[in-house]
Amino acid sequence: MSHLQVAIVGSGPSGLYVADALSRKLADAHIDLIDRLPTPLGLLRGGVAPDHQATKTIARQFERVLGKERVRFLGNVAVGRDVSYSELKSIYDVVVICIGAMVDRRMGIPGEDLAGVYGSGASVAWYNGLPDARDLDPQLDAGSVAVVGNGNVALDVVRLLGKTEDELANSDLCSHARLKFAAASLTDIWLIGRRGPLDAGFTPAELGELGELSRVAIILDGAQLPVQVPDDLPDERRRVVEKNLALLQNFAARGEQAGKSIRLHFLFNAAPVAILGETRANRMKLERTRVENGRSSMTGETFEITAGTVISAIGYRSSPFPGLPFDDQHGIVGNQLGRVEPGVYTAGWCKRGPNGVIPANRTDSLAVAELIIGDFSLRANRDKAGSKELDRLLVERGVHVVDFAGWQKINAAEIARGASQARPREKFTRMEELLAAAAAS
Ligand code: NAP
């Protein structure tokens with residue numbers, strides 16, 4: 001029986017977990033991990049907050065997957081540009097789409113396209129050094145920033161804006177973002193949830209971190225907080241909500257917080273209605289909501305806050321390439337429990353939507369790998385050319401592929417650049433820098 005030829009599109013955690021599972025369980029599988037960037041690791045590199053270095057230690061495990069004998073990394077290869085989706089389907093026995101969700105959802109309110117308004121996807125990609133977002137250069141000069149959303153991404157953004165240079169010293173926040181944050185002279189950050197404190201998506205560890213920022217005073221009107229958590233929540237959710245509520249009650253009870261230069265205002269039950277300004281955002285209009293049985297409704301009562309910068313952290317959509325079945329309503333790859341069409345599968349945020357941390361994606365990827373194994377392990381007709389044909393096409397098209405050795409060079413050079421500043425790494429943030437580092441002798 002010939003080898004099973006597998007292409008995984010996207011080398012973030014989901015794609016790497018699928019590759020790991022398939023390489024362990026299908027001894028004859030050849031796996032090509034294709035990524036549009038010259039760097040693997042997806043959101044671990046481009047999404048996880050630069051001051052959450054402990055989360056990034058999982059990269060060592062992923063490096064072992066990338067270094068396996070029958071796994072190849074093909075970076076700087078974009079499906080839809082360098083090779084089409086239909087070509088992949090004809091070349092490989094199995095194609096697994098793990099492209100994540102990179103496009104910011106829109107708030108759908110007037111003023112969203114004013115200067116000074118950004119999505120968290122673009123903002124996080126910018127401070128984490130993704131080449132696509134390198135020139136975003138968000139305006140942070142107005143003193144006041146509104147962050148919309150009550151998930152952990154919103155908290156990441158608030159925390160990074162709130163930290164001092166010293167508090168960011170051990171992070172791998174890119175230099176361009178460090179300089180911008182240092183020059184920002186912020187006075188007020190508004191954290192805006194359209195529902196109540198019990199409905200927030202953030203988790204206690206991340207919420208607690210906001211309470212420890214040395215230059216941030218927390219302004220939270222205790223009248224926004226319920227006295228206790230309702231009885232009818234499932235146990236796991238109840239534990240999270242109780243801890244969140246205890247932290248928020250602690251924040252609300254803080255007296256005067258002298259000597260702090262930034263005020264962090266928690267606003268719950270406040271839905272964005274419009275962003276106001278001539279060409280650039282300068283105020284935000286919000287409407288009070290009330291939540292009954294988990295559903296929020298507008299009350300008609302509106303108010304305004306001053307905000308020269310607005311960052312929406314309200315979730316993401318996937319970005320399909322031509323020919324890929326797509327569920328436009330949900331912004332995900334069209335699929336039935338991971339099956340897209342014969343021989344094509346999907347895993348991760350592009351399959352389920354943008355929720356869940358890395359371990360949740362591991363569980364999802366393992367389930368999809370099991371589907372593939374069930375469908376293919378006994379099949380004899382493996383007649384696809386796979387890697388050889390992809391290599392031929394890429395050579396013919398003059399594509400500059402960055403392989404695992406190239407990534408290892410980028411990685412080592414970035415770590416060396418960081419070491420000279422006593423930081424974990426200093427990333428290359430432009431395509432030409434990344435390609436040059438990968439090609440260095
Ligand atoms: P999320 O947890 O789903 O939060 C999205 C937030 O946006 C919710 O509060 C949602 O409110 C709000 N929202 C949606 N549409 C809105 C609108 N039109 N106007 C105002 N608010 C709106 O998503 P996320 O923060 O993007 O995080 C994605 C996943 O990554 C989550 O599973 C998260 O836990 C994970 N993550 C984890 C970490 C960490 O562990 N440190 C860090 C970052 C991300 P409603 O609830 O009312 O819809």
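When a ligand or atom number is given, it counts from 1 through the structure's own listing order. Note that the structure is predicted; figures quoted are calculated from it, not measured.
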Quick one: do F266 and L207 satisfy side-chain contact (heavy atoms from CB on, under 4.5 Å)? Show the steps, please. CA-CA 11 Å; F266 277 76; L207 183 61; 3.9 Å; yes
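- Residue contacts with ligand 1: R106 is placed with no nitrogen or oxygen under 3.5 Å of a nitrogen or oxygen of the ligand (distance criterion only).
- Using the six-membered ring where Trp is involved, W190 and H265 have ring planes that are parallel, under 30° apart on the 30 and 60° scheme.
- By the 6.0 Å and 45° rule, R317 does not stack over the aromatic ring of F326.
- Contacts between A205 and ligand 1, counted as non-hydrogen atom pairs separated by less than 4.0 Å, are absent for every part of the residue.
- The nearest protein heavy atom to atom 45 (P) of ligand 1 is closer than 4.0 Å.
- Polar contact check, G149 against ligand 1: no nitrogen or oxygen pair lies under 3.5 Å apart.
- From I8, atom CD1 reaches atom CG of L16 across 8.0 Å, with rounding to the nearest 0.5 Å.
- Proximity of G193 to ligand 1 is not established, as no heavy-atom distance is less than 4.0 Å.
- Scanning the protein heavy atoms around atom 31 (C) of ligand 1, the nearest turns out to be G356 N, 3.9 Å.
- Distances between N or O atoms of N152 and those of ligand 1 include at least one value under 3.5 Å.
- Between N152 and T203, the side chains place a donor N or O and an acceptor N or O closer than 3.5 Å (distance only, hydrogens not considered).
- Near W349, meaning under 4.0 Å from any of its heavy atoms, are these atoms of ligand 1: 28 (C), 29 (C), 30 (O).
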Kindly determine whether R159 and E167 satisfy salt bridge (Lys or Arg N to Asp or Glu O under 4.0 Å), including the steps that lead there. CA-CA 10 Å; R159 187 180 69 256; E167 285 168 330; over 6 Å; no
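- Scanning all protein heavy atoms for the shortest distance to atom 26 (O) of ligand 1 gives V153 CG2, 3.4 Å.
- Contacts between D156 and ligand 1, counted as non-hydrogen atom pairs separated by less than 4.0 Å, involve the side chain only.
- The residue from D132, N76, D82 that alone fulfils the side-chain hydrogen bond (donor to acceptor under 3.5 Å, both in side chains) condition with R36 is D132.
- Y316 and W349 have parallel rings, their planes meeting at less than 30° on a 0 to 90° scale where 60° marks the start of perpendicular.
- In this structure, CG on N150 lies 7.5 Å from CG on L155, to the nearest 0.5 angstrom.
- Checking each of L337, V95, V340 against T346 for a side-chain contact (heavy atoms from CB on, under 4.5 Å) leaves exactly one that passes, namely V340.
- The closest protein non-hydrogen atom to atom 7 (O) of ligand 1 is I314 CA, 3.3 Å.
- Selection from A360, A313, G47 by nearest heavy atom to atom 5 (C) of ligand 1 gives A313.
- Of the listed residues (V291, T203, V148), the one carrying the non-hydrogen atom nearest atom 20 (C) of ligand 1 is V148.
- Considering backbone and side-chain N/O atoms, R194 comes within less than 3.5 Å of an N/O atom of ligand 1.
- The residue from L43, N150, V273 that puts a heavy atom closest to atom 9 (O) of ligand 1 is N150.
- Within 4.0 Å of atom 23 (O) of ligand 1, not a single protein heavy atom is present.
- R134 and T429 form a side-chain donor-acceptor contact under 3.5 Å, judged by distance and modelled atom types alone.
- Among the atoms of G201, none of the N or O lies under 3.5 angstrom from an N or O of ligand 1.
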With salt bridge (Lys or Arg N to Asp or Glu O under 4.0 Å) as the test, would you mind laying out the steps for D403 and K409 before giving the verdict? CA-CA 10 Å; D403 62 9; K409 286 187 208 167; over 6 Å; no
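- Here V48 has no heavy atoms under 4.0 Å from ligand 1, in either its backbone or its side chain.
- No side-chain donor-acceptor contact under 3.5 Å links S365 and R362.
- Here the protein heavy atom with the shortest distance to atom 3 (O) of ligand 1 is P354 O, 4.9 Å.
- Near V357, the atoms of ligand 1 lying under 4.0 angstrom from a non-hydrogen atom of the residue are 37 (C), 40 (O).
- G151 CA, 3.4 Å is the protein heavy atom nearest to atom 4 (O) of ligand 1.
- Around atom 47 (O) of ligand 1, the closest heavy atom drawn from E209, R159, R195, E206 belongs to R195.
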